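To start, the structure under review is shown below, and the notes come after it.
Letters A, B, ... are given to chains in the order of the sequence lines, protein chains preceding strands, and every chain is numbered from 1. Predicted model only: the values in this text are computed from it and were never measured.
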2 protein chains.
Amino acid sequence: MFEQFRNKFPLSEEKWNEYVGHFNRIEVPAKTTLLEEGEISKKLFIIEKGCIRVWFNNNGKDLTSQFFFENQSVASIESFMKKFPSPAVVETIEPSVLWWIHKENLDIIIEEIKEIPELRDRLIDMLFQRTFDYMKHFFSFIKDSPAQRYLSLIQEKPQIVQRVPQHYIASYLGISTVHLSRIKSKLLQNK
Amino acid sequence: MFEQFRNKFPLSEEKWNEYVGHFNRIEVPAKTTLLEEGEISKKLFIIEKGCIRVWFNNNGKDLTSQFFFENQSVASIESFMKKFPSPAVVETIEPSVLWWIHKENLDIIIEEIKEIPELRDRLIDMLFQRTFDYMKHFFSFIKDSPAQRYLSLIQEKPQIVQRVPQHYIASYLGISTVHLSRIKSKLLQNK
DNA sequence: TTCATTTGATAACAAATGTTATCGTTTGTC
DNA sequence: GACAAACGATAACATTTGTTATCAAATGAA
């Protein structure tokens with residue numbers, strides 16, 4: 001699982017092995033809750049196989065914030081970073097193989113990494129990138145119609161459309177399942 | 001202008017003066033364009049007095065992204081960081097007094113600051129905070145009605161409601177000016 | 001296989017929001 | 001002060017989107 005990342009980190013063999021040694025492998029069925037609403041997030045997950053959804057309970061209604069697939073890392077980021085009770089639920093969509101690391105161990109790794117200029121700058125770039133991604137997603141909500149957002153999703157994140165049940169996609173796009181159905185049928189007509 | 005920030009930065013008197021010396025003061029009338037669409041952002045502004053709006057031209061329609069007031073720093077962040085042509089326009093709303101610094105000078109300052117652990121961590125925290133703010137703004141678009149978003153705006157950013165013309169607020173909330181008018185009149189009725 | 005559950009499509013109707021047009025008020029400029 | 005431009009409210013109508021209900025197809029568990 002971790003070999004593919006090995007050459008991306010200028011670390012000694014010992015450090016690398018120490019860091020990797022903090023990860024634990026688990027296999028879980030579909031619809032497994034990895035983090036409950038109100039819980040304080042203490043684990044960061046990396047997906048070896050499968051698919052995870054992060055969502056919010058908004059007055060009983062599903063509000064999907066993000067989907068994650070193979071090789072991505074997942075946490076309820078605000079809860080994980082600041083030890084808040086998580087407003088988000090993290091759960092698997094498909095049966096999944098995951099690796100997790102405890103926050104305490106990751107914090108130590110991050111502190112150490114910050115002293116390596118190359119990795120420190122990478123961390124900062126990552127944070128910038130994340131902000132840009134959010135900005136982009138955010139603006140598509142203001143400027144694009146739901147139909148346009150759905151088309152962008154097909155273009156830019158085909159994995160989501162292919163692997164995720166449609167009602168989760170509707171909740172991700174911020175529209176009702178009925179409306180998403182209408183959009184799809186209209187797209188078919190215009191072909 | 002800068003004295004108020006002096007004690008927040010553990011810098012020698014020389015460094016401090018060197019950094020502050022890179023800033024230039026200007027006074028501009030209302031509706032001055034500070035950065036045009038398509039231009040590459042090379043200046044970061046700090047507002048001494050006045051109010052700035054960052055907006056996008058979406059097929060001829062105003063899409064306001066953010067408002068800035070006294071003591072805040074402003075740039076078309078993605079253009080400034082990555083030297084892209086800016087999709088955003090930066091312009092004053094009120095007559096303003098501004099300080100600007102050239103990107104080349106700021107880059108040097110940031111590189112130097114990264115070597116000071118305290119300031120480096122502050123930079124990283126800032127980036128996290130910015131991401132959280134975007135997440136929050138983003139979710140309010142999915143989960144709240146325009147009326148609720150307007151009420152939150154009054155609560156959380158009263159400055160905007162007080163100082164900014166209403167059609168810019170509508171464009172910031174992602175609704176038509178007519179709809180914002182309706183929301184306001186409905187709120188008055190229910191009092 | 002069989003049955004229950006999940007998923008997705010569709011119709012009918014209701015509510016929210018946008019568009020266009022008009023008018024009065026405020027603001028800024030000369 | 002006088003005029004033009006900007007701003008904001010409102011009405012009438014069109015469009016988009018949500019809600020509820022129903023049904024069919026796909027999926028999963030026994």
Considering all heavy atoms, the nearest A:Leu180-A:Ala170 contact
CD2-N, 3.7 Å
Atom pair distance, as rounded to whole Å: CD1 in B:Ile142 and P in D:dT17
15 Å
Return the value, rounded to whole Å, for the distance between atom CD1 of B:Ile169 and atom C1' of D:dG8.
12 Å
Under 3.5 Å, is there any donor-acceptor pair linking the side chain of B:Arg182 to the base of D:dG8?
no
Strictly below 4.0 Å: does A:Lys184 bring a side-chain N or O up to OP1 or OP2 of C:dG8?
no
Within this structure, what is the CD1-to-C1' distance between B:Ile183 and C:dG18, rounded to whole angstrom?
12 Å
Taking side chain to side chain donor-acceptor pair (under 3.5 Å) as the definition, give me every residue that meets it alongside A:Ser41, ordered by chain and number, with sequence neighbours left out.
none
Quickly work out the B:Leu180 CG to C:dA16 P distance and round it to whole Å.
16 Å
For atom CG of A:Asp62 and atom P of D:dG18, their distance in whole Å
15 Å
I'd like to know if the side chain of B:Glu39 reaches the main chain of B:Glu36, judged simply by a donor and an acceptor atom lying under 3.5 Å from each other, with no hydrogens or angles considered.
yes
Send over the distance from A:Ile93 CD1 to C:dT7 C1', rounded to a whole Å.
14 Å
In whole Å, what is the span from the CZ atom of A:Arg163 to the P atom of D:dT27?
16 Å
Between B:His167 and D:dA6, is there a side-chain N or O to OP1/OP2 distance below 4.0 Å?
no
How large an angle, rounded to 10°, do the end axes of the helix from C:dT1-D:dA30 to C:dC30-D:dG1 enclose when each is built from five base pairs?
60°
What nucleotide among D:dT19, D:dT17, C:dT19 has an atom nearest to a side-chain atom of B:Ser176?
C:dT19
Heavy-atom donor-acceptor pair, A:Asn17 side chain to A:Glu13 backbone, under 3.5 Å
yes
Contact nearer the 5' end of DNA chain C, comparing A:His179 with B:Ser145:
A:His179
Quick one: on DNA chain D, does B:Gln166 or B:Lys31 contact a more 5' nucleotide (nearest heavy atom)?
B:Lys31
Please check: side-chain N/O of A:Ser86 versus main-chain N/O of A:Ala88, any donor-acceptor pairing under 3.5 Å?
yes
Please confirm whether the shortest side-chain N or O distance from A:Lys186 to OP1 or OP2 of D:dT17 is below 4.0 Å.
no
Scan for ring pair (Phe, Tyr, Trp, His ring centres under 6.0 Å) pairs involving residues 68-97 of chain B, sequence neighbours excluded, and state none if there are none.
none
Which is true for B:Ile175 with a 4.0 Å heavy-atom rule: it touches a base, it touches only sugar-phosphate, or it touches nothing?
sugar-phosphate
Ignoring hydrogens and geometry, is there a side-chain-to-backbone donor-acceptor pair from B:Arg120 to B:Glu115 under 3.5 Å?
no
Over how many whole Å does the gap from B:Leu188 atom CG to D:dG8 atom P extend?
15 Å
